[in-house]
Chemist: 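So that we are looking at the same thing, I have put the structure below in structure tokens.
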Amino acid sequence: MRYLLGLIIGAATLWLLLSGVYKPIVLGLGGFSVLFCAYVCHRMGIVDRESVPLHLLARVPLYALWLGGEIAKSNWDVAKRIVLPGRRISPTIVRLRAHQSSELGQAIFANSITLTPGTVTVALRSGDAIVHAITEDNATDMEGGDMDQRVRRLE
């Protein structure tokens, strides 16, 4: 029941933030749509710990701050490689072991890699992430496992 309530509160909050319109008729329709979607999700049996990860709420802000910094650093590196002459790229593909205990954690790990400019998670199978990196240095940094450890702490 708490996951269903968390889904309703989360969806309503997101809807209110993204809508920006607070007229009674719009609020009523928004409330109806949130409740209807929650009902459908409940009937489908997909409201659980993994689909509504309430246990991550306390740790997400710190992880998001760290990930934002990593995105900014990588963005700066890729921009320099585009603009400055002589900055070489050396595309490479590496296989990284995702040590997360849940599929949600592995998905967060793979998506975090993809959000970082210069790297893309090509596949995620059986706990292995196949990643394309724009340089061998990026690949080496990822093999260091800092992101893997941070996602493990997040979950």
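Along the sequence shown, the residues carry numbers beginning at 1. Keep in mind that the numbers below use all heavy atoms, side chains included, and drop hydrogens, waters and symmetry copies.
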Chemist: Would a distance-only check, ignoring hydrogens and angles, find a side-chain to backbone donor-acceptor pair under 3.5 Å from Ser19 to Leu16?
Modeler: no
Chemist: Would you say the side chain of Val131 lies within less than 4.5 Å of the side chain of Met142, judging by non-hydrogen atoms?
Modeler: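 When only atoms from C-beta onward are counted, Val131 and Met142 do touch, with a gap below 4.5 Å.
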Chemist: Under 3.5 Å, is there a donor-acceptor pair linking the side chains of Ser112 and Tyr63?
Modeler: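 On atom types as modelled, these side chains qualify, holding a pair under 3.5 Å.
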Chemist: What's the spacing between Phe109 CZ and Leu154 CG if we round to 0.5 Å?
Modeler: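 Separation between the atoms: 13.0 Å.
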Chemist: A side-chain contact here means heavy atoms from C-beta on lying under 4.5 Å apart; do Ile113 and Val120 qualify?
Modeler: no
Chemist: Measure the shortest side-chain to side-chain distance between Leu35 and Ile8 over non-hydrogen atoms and say whether it is less than 4.5 angstrom.
Modeler: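 They are in side-chain contact.
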Chemist: Is there side-chain contact between Leu57 and Val60, with at least one heavy-atom pair below 4.5 Å?
Modeler: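 With C-beta onward as the side chain, the pair stays apart.
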Chemist: Apply the test salt bridge (Lys or Arg N to Asp or Glu O under 4.0 Å) to residues Asp77 and Lys73: give CA-CA distance (whole Å), side-chain angles for both, the deciding distance (0.1 Å), then the verdict.
Modeler: CA-CA 6 Å; Asp77 179 58; Lys73 287 191 294 189; over 6 Å; no
Chemist: Would you give the length of the straight line joining atom CD of Glu155 to atom CD1 of Ile108, rounded to the nearest 0.5 angstrom?
Modeler: 7.0 Å
Chemist: Thr140 and Asp137: side-chain donor and acceptor closer than 3.5 Å?
Modeler: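 No, no side-chain donor-acceptor contact under 3.5 Å.
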Chemist: Quick one: does Leu67's side chain get under 4.5 Å of Met147's, heavy atoms only?
Modeler: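 With C-beta onward as the side chain, the pair touches.
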Chemist: Under 4.0 Å between a Lys/Arg side-chain N and an Asp/Glu carboxylate O for Arg152 and Asp148?
Modeler: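 Answer for the salt bridge query: yes.
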Chemist: Any side-chain heavy atom of Pro53 within less than 4.5 Å of one from Leu104?
Modeler: yes
Chemist: Indicate, with yes or no, if Phe32 and Ile25 share a hydrophobic cluster defined by side-chain heavy-atom contacts under 4.5 Å among Ile, Leu, Val, Met, Phe, Trp and Tyr.
Modeler: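 Each belongs to a different hydrophobic cluster.
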Chemist: Does any non-hydrogen side-chain atom of Ser74 lie less than 4.5 Å from one of Thr119?
Modeler: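 Thr119 does not reach Ser74 side chain to side chain.
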Chemist: Decide whether Asn111 and Thr114 meet the rule of one side-chain donor and one side-chain acceptor closer than 3.5 Å.
Modeler: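 Distance-only check fails for Asn111 and Thr114.
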